[in-house]
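Data first, discussion second: the structure below is written as structure tokens.
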Amino acid sequence: MNKILTVQDLYVYYESIYGDYKAVDGVSFEVYENEVFGIAGESGCGKSTLVEGVLRLVKQPGYIPKGKVIFEDTSLLSLSEEDLDKIRWSKLAYIPQGSMNSLNPVIKIDEQMTDAILDHNDIDKEKARNLSVELLKEVGLPSELAKMYPHELSGGMKQRVIVAMAVALKPRLVIADEPTTALDVVMQRIILQLLRDLKENYGLTLVIVSHDMAAHAEIADRMAVMYAGKVVEIGSIYDVFDDPLHPYSGRLIAAIPSTKKKYIKGIPGMSPSPLNWPTGCRFHPRCPYAKPKCSKVDPQMRKIGSGRYVACHTFGEEK
């Protein structure tokens with residue numbers, strides 16, 4: 001499989017009067033062509049900041065002290081703003097968190113879609129308008145919706161408009177940050193299926209960021225689990241769900257609601273502050289298997305079998 005995105009030792013910090021908030025603190029992973037790669041973890045673990053760092057959308061007081069982001073053969077962190085703008089939308093697209101609020105409330109849908117297309121593609125305005133209508137049909141929306149304002153649309157409709165805009169120029173990679181947030185369960189299923197269909201029809205590679213483990217089970221091929229600014233486990237969706245290697249991954253899966261009668265186990269304690277991460281393994285204050293070493297030595301990511309990685313001192317030991 002060919003790699004389309006490589007993230008190496010990426011750090012994203014936020015300056016404050018109390019010191020740096022280390023939201024992303026040394027993250028590495030790879031995404032392969034034509035796969036759906038999920039990034040999971042609790043709210044506040046650094047998922048959204050991670051993708052903003054990958055896309056160079058971090059604004060002051062945020063900054064990227066070090067790291068590498070390679071998209072195809074291009075180092076995104078080394079590009080000028082002008083060169084980066086040529087890649088966005090045409091090759092690399094983004095569905096932002098809270099994307100339903102990303103539409104301009106005083107501009108009609110077709111005008112917003114047309115402006116986005118014209119800004120990144122050299123075609124005439126009429127072709128761009130026709131493309132906008134075709135894209136709306138592609139995501140299951142009627143052509144009449146093109147002449148409507150955002151406030152006339154439901155939340156699910158607005159989300160589908162944003163998805164249509166993201167795939168307008170048939171990019172190679174689409175990164176979707178919490179694409180099902182604030183939607184009811186029926187619409188969540190529709191959006192996930194829509195993303196999967198567009199991936200197949202357009203030959204896309206998808207990165208899906210979500211705290212919802214059930215959403216990853218629905219759509220992802222492989223996934224990374226984040227905790228406290230770091231990735232603690234990477235593996236295929238089947239491996240992670242059937243046999244989680246990291247205690248945190250196992251606790252996330254155990255907390256998924258089910259139609260079966262079972263006891264849903266929460267994760268005790270609170271997520272730590274990125275201003276002052278715990279020493280050693282950052283999960284050790286909440287981990288039922290923690291040993292003295294866990295509070296002192298930061299576990300490094302190690303390969304376990306084919307395509308599986310885990311950062312845990314207790315892995316392989318009898319629990």
Side-chain angles (χ1 to χ4, degrees), residues 4-5 31-40 47-48 51 55 88-103 108-110 112-114 116-117 120-121 128-223 237 256:
I4 191 171
L5 180 69
V31 179
Y32 297 97
E33 285 184 335
N34 301 121
E35 76 169 346
V36 180
F37 185 79
I39 301 176
K47 305 184 302 296
S48 295
V51 297
L55 294 163
R88 286 177 177 152
W89 287 77
S90 60
K91 293 184 178 181
L92 179 61
Y94 178 49
I95 300 173
Q97 186 173 15
S99 58
M100 289 185 294
N101 300 319
S102 299
L103 295 169
K108 292 181 179 179
I109 297 301
D110 67 336
Q112 297 192 51
M113 296 183 68
T114 299
I117 293 169
H120 297 273
N121 200 325
R129 286 187 180 278
N130 292 336
L131 176 58
S132 298
V133 173
E134 290 302 315
L135 285 165
L136 292 176
K137 292 179 181 177
E138 185 78 14
V139 297
L141 295 173
S143 57
E144 295 80 16
L145 184 142
K147 296 300 180 182
M148 298 171 69
Y149 290 96
H151 73 270
E152 299 178 274
L153 278 58
S154 68
M157 287 178 174
K158 286 186 279 189
Q159 187 75 321
R160 279 184 275 181
V161 169
I162 293 295
V163 171
M165 293 173 71
V167 302
L169 302 181
K170 297 183 179 180
R172 301 266 290 129
L173 174 65
V174 175
I175 299 178
D177 188 4
E178 299 282 5
T180 59
T181 297
L183 300 175
D184 62 65
V185 291
V186 174
M187 187 51 63
Q188 287 179 18
R189 179 66 180 268
I190 291 172
I191 294 297
L192 290 175
Q193 186 59 52
L194 172 62
L195 290 170
R196 173 64 82 173
D197 291 343
L198 290 172
K199 172 198 175 293
E200 299 299 331
N201 295 339
Y202 285 72
L204 304 173
T205 301
L206 289 174
V207 174
I208 304 292
V209 177
S210 179
H211 66 276
D212 186 351
M213 294 293 284
H216 291 295
E218 179 77 19
I219 192 172
D221 301 311
R222 290 192 310 125
M223 68 182 301
I237 196 71
I256 299 174

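Fair warning: this is a prediction, and the values are worked out from it, not measured in the lab. For the numbers below, each heavy atom of this structure counts, side chains included, while hydrogens, waters and symmetry mates do not. Count residues from 1 along the sequence.
Contact check for Asp110 versus Val133: no side-chain heavy atoms found under the 4.5 Å cut-off. Looking at Ile109 and Pro150, their side chains come closer than 4.5 Å, going by heavy atoms from C-beta outward. Side-chain contact between Ser132 and Ile117 is present, with at least one heavy-atom pair separated by less than 4.5 Å. Side-chain atoms of Glu138 and Leu198, non-hydrogen and from C-beta on, do get closer than 4.5 Å to each other. Contact annotation: the side chain of Met223 approaches that of Met213 to within less than 4.5 Å [non-hydrogen atoms, C-beta and beyond]. Residues Gln112 and Val161 fail the side-chain proximity criterion, which asks for heavy atoms closer than 4.5 Å. Looking only at side-chain heavy atoms (C-beta outward), Asp221 and Ile237 stay at 4.5 Å or farther from each other.
None of Ile208, Val207, Val31 except one satisfies the side chain to side chain contact (heavy atoms under 4.5 Å, CB included) rule with Ile39; the exception is Val207. With Pro171 as the partner, the side chain to side chain contact (heavy atoms under 4.5 Å, CB included) test is satisfied by one option alone out of Thr205, Leu92, Leu204: Leu204.
Rounding to the nearest 0.5 Å gives a distance of 5.5 Å between CG of Leu183 and CD of Gln159. To the nearest 0.5 Å, atom NE2 of residue His120 and atom CZ of residue Arg88 are 8.5 Å apart. Put simply, CG on Leu55 and CD1 on Ile175 are 4.0 Å apart, with the number rounded to the nearest 0.5 Å. The CG atom of Asn34 sits 7.5 Å away from atom CZ of Arg172, with the distance rounded to the nearest 0.5 Å. With rounding to the nearest 0.5 angstrom, the CD atom of Glu178 is 8.0 Å from the CG atom of Asp212. Between the CG atom of Leu103 and the CE atom of Met113 there is a distance of 9.5 Å, given to the nearest 0.5 Å.
Side-chain atoms of Gln193 and Asp197 include a donor-acceptor pair closer than 3.5 Å.
Closest approach of Ile95 and Ala166 over heavy atoms only: CG1-CB, 3.7 Å. Closest of all the heavy-atom pairs between Lys47 and Ala40 is CD-C, 3.6 Å. Residues Ala168 and Leu135 share a closest heavy-atom pair of CB-CD1, 3.4 Å. Scanning all heavy atoms of the two residues, the minimum distance from Trp89 to Leu169 falls at O-CB, 3.6 Å. Smallest separation of non-hydrogen atoms from Tyr94 and Val51: CE1-CG2, 4.4 Å. The nearest pair of heavy atoms linking Pro179 to Ile191 is O-CG2, 4.0 Å.
Sparse packing is recorded around NZ of Lys91, with 12 or fewer heavy atoms of other residues, nucleotides or ligands lying under 6.0 Å away.
Under a 4.0 Å N-O distance rule, the pair Arg189/Glu218 qualifies as a salt bridge.
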